[in-house]
Amino acid sequence: MGAPPRYVVLDPDGLPTPPPGRRNIPRYHEHDHHHSSGYGCMKCFCCCCCFIFFVILLICATLGFLVFFLNPQLPVYTVDNVSVTKFDTQHGNKVYTELNVVLKAQNPNEEISLGYGEKSSVIILYSNNQLCSGQIPSFQQPPKNTSMMNVELKGESDFDSQTQQDLLQDQKENKIPLDVKVNVPLTIVTHGTRLKEIPVVIKFKLTVDNLQPGQKINAVSSDFQYGGGEE
């Protein structure tokens, strides 16, 4: 083996230069690699923020159009008529009920149609006990329109003896309090465009004077409110 060199030639960066005839050892610039990766992540983050901002702006513009140009108003519902086909409490604790309820729906909007979906339900309860249930027919209600919805309801319920006695007493006093719960998928339609379908809950407090088949039934009082969601 030869003697080690007496000196080593350094390059401008302070690193030893290879002997003549040998290739330079590649050097890796780790600082430049991390800088490029960080720049790409920051660019992706900025693009995501811009996209989210654009979506929020589009939603706000749509809501602004609906509020300021269409002036949306809630429909108004009332119970127009109630007729009893069957109401039998003679078989133990069983109560058999068949009713026909006519709901009046008023759409006060000038440029908004209301689409009533197929998966609706109407439930009538007495003292938190279900008497009968039915379904609203599906249809589309035009703007500035009043429609009558004919709903047939049937049910077989188990009432304890105390509840039956309370019901008979209410019938004698001609004041039978009933709860009517309506669940309907409602779609807003404007200028031929169907917006997202939303579940709507409507609750009625209805008091009638009797539930006798074949007799005229008068509503002593009626009030409705919108619920917070489907039940």
Side-chain angles (χ1 to χ4, degrees), residues 48 50-83 85 97-126 128-155 157 177-208 217 219 221-231:
C48 290
C50 291
F51 176 75
I52 294 173
F53 176 77
F54 175 76
V55 171
I56 294 175
L57 186 64
L58 183 62
I59 293 175
C60 291
T62 303
L63 292 177
F65 173 78
L66 291 175
V67 172
F68 295 105
F69 292 95
L70 298 181
N71 188 26
Q73 301 178 55
L74 292 173
V76 179
Y77 300 95
T78 54
V79 177
D80 187 73
N81 184 48
V82 179
S83 58
T85 305
T97 309
E98 293 184 11
L99 301 179
N100 186 276
V101 177
V102 179
L103 297 176
K104 181 195 289 186
Q106 296 174 291
N107 180 11
N109 296 281
E110 296 185 358
E111 298 186 40
I112 294 177
S113 298
L114 301 175
Y116 292 82
E118 295 181 354
K119 297 181 180 180
S120 64
S121 66
V122 180
I123 300 174
I124 295 184
L125 303 99
Y126 171 79
N128 293 324
N129 295 281
Q130 180 173 319
L131 280 175
C132 51
S133 63
Q135 191 174 18
I136 291 177
S138 62
F139 72 103
Q140 183 166 316
Q141 186 178 20
K144 302 294 290 184
N145 172 266
T146 299
S147 296
M148 299 295 185
M149 298 183 291
N150 190 27
V151 185
E152 294 182 356
L153 304 104
K154 297 181 180 181
S157 310
L178 301 175
D179 291 318
V180 184
K181 295 184 179 180
V182 180
N183 291 272
V184 58
L186 198 63
T187 303
I188 296 176
V189 183
T190 175
H191 299 285
T193 302
R194 297 179 65 87
L195 303 182
K196 183 180 179 180
E197 185 179 80
I198 55 175
V200 175
V201 178
I202 308 160
K203 300 177 181 179
F204 291 90
K205 292 288 186 180
L206 178 66
T207 302
V208 297
I217 297 177
S221 65
S222 177
D223 185 31
F224 90 97
Q225 64 179 1
Y226 288 97
E230 188 172 2
E231 298 182 354

- Query: Taking only residues two or more places apart in sequence or in another chain, which ones pass side-chain contact (heavy atoms from CB on, under 4.5 Å) with Gln141?
  - Reply: Ala105, Asn107, Leu114, Tyr116, Phe139, Asn145, Ser147
- Task: Applying salt bridge (Lys or Arg N to Asp or Glu O under 4.0 Å), name anything that partners Lys205, two or more places apart in sequence or on another chain.
- Result: Asp179
- Note on the structure: Output for pair (Leu186 CG, Leu195 CG), nearest 0.5 Å, gives 11.0 Å
- Message: Once side-chain contact (heavy atoms from CB on, under 4.5 Å) is applied, do any residues pair with Asn100, and if so which ones, sequence neighbours excluded?
- Response: Ser83, Val102, Asn150, Glu152
- Just how far is it from atom CD of Gln135 to atom CG of Leu153, taken to the nearest 0.5 Å? 10.5 Å
- Query: Looking at Pro143 and Glu110, what are the two nearest heavy atoms and their distance?
  - Reply: CB-O, 3.4 Å
- Output all residues satisfying side-chain contact (heavy atoms from CB on, under 4.5 Å) with Ile123, sequence neighbours left out; order by chain, then residue number. Leu125, Gln130, Ser133
- Query: Distance from Lys181 atom NZ to Lys203 atom NZ, nearest 0.5 Å?
  - Reply: 5.5 Å
- Query: Of the non-hydrogen atoms in Pro108 and Pro75, which two are nearest, and what is the gap between them?
  - Reply: CD-CA, 4.0 Å
- Message: So, using side-chain contact (heavy atoms from CB on, under 4.5 Å) as the criterion, who are the partners of Thr97 when residues are at least two apart?
- Response: Phe87, Val95, Leu99, Leu131, Cys132
- Distance, nearest 0.5 Å, that separates CZ of Phe204 from OG1 of Thr78: 7.0 Å
- Any idea which heavy atoms bring Val82 and Ile217 closest together, and the distance? O-CB, 3.4 Å
- Between Pro142 and Ser113, the two heavy atoms sitting closest are CA-OG, 3.9 Å
- Item | With Gln140 via side-chain hydrogen bond (donor to acceptor under 3.5 Å, both in side chains) - residues at least two apart | Arg194
- State which residue, out of Val79, Val180, Val76, Leu103, fulfils the side-chain contact (heavy atoms from CB on, under 4.5 Å) condition with Phe224. Val76
- Message: Let me confirm one number: the CD-OG1 distance from Gln106 to Thr146, rounded to the nearest 0.5 Å.
- Response: 4.5 Å
- Message: If you apply the rule side-chain contact (heavy atoms from CB on, under 4.5 Å), what do you find for Ile202 with Tyr226, and how did you get there?
- Response: CA-CA 5 Å; Ile202 308 160; Tyr226 288 97; 4.2 Å; yes
- Query: To the nearest 0.5 Å, how far apart are NZ in Lys154 and CD1 in Ile124?
  - Reply: 14.0 Å
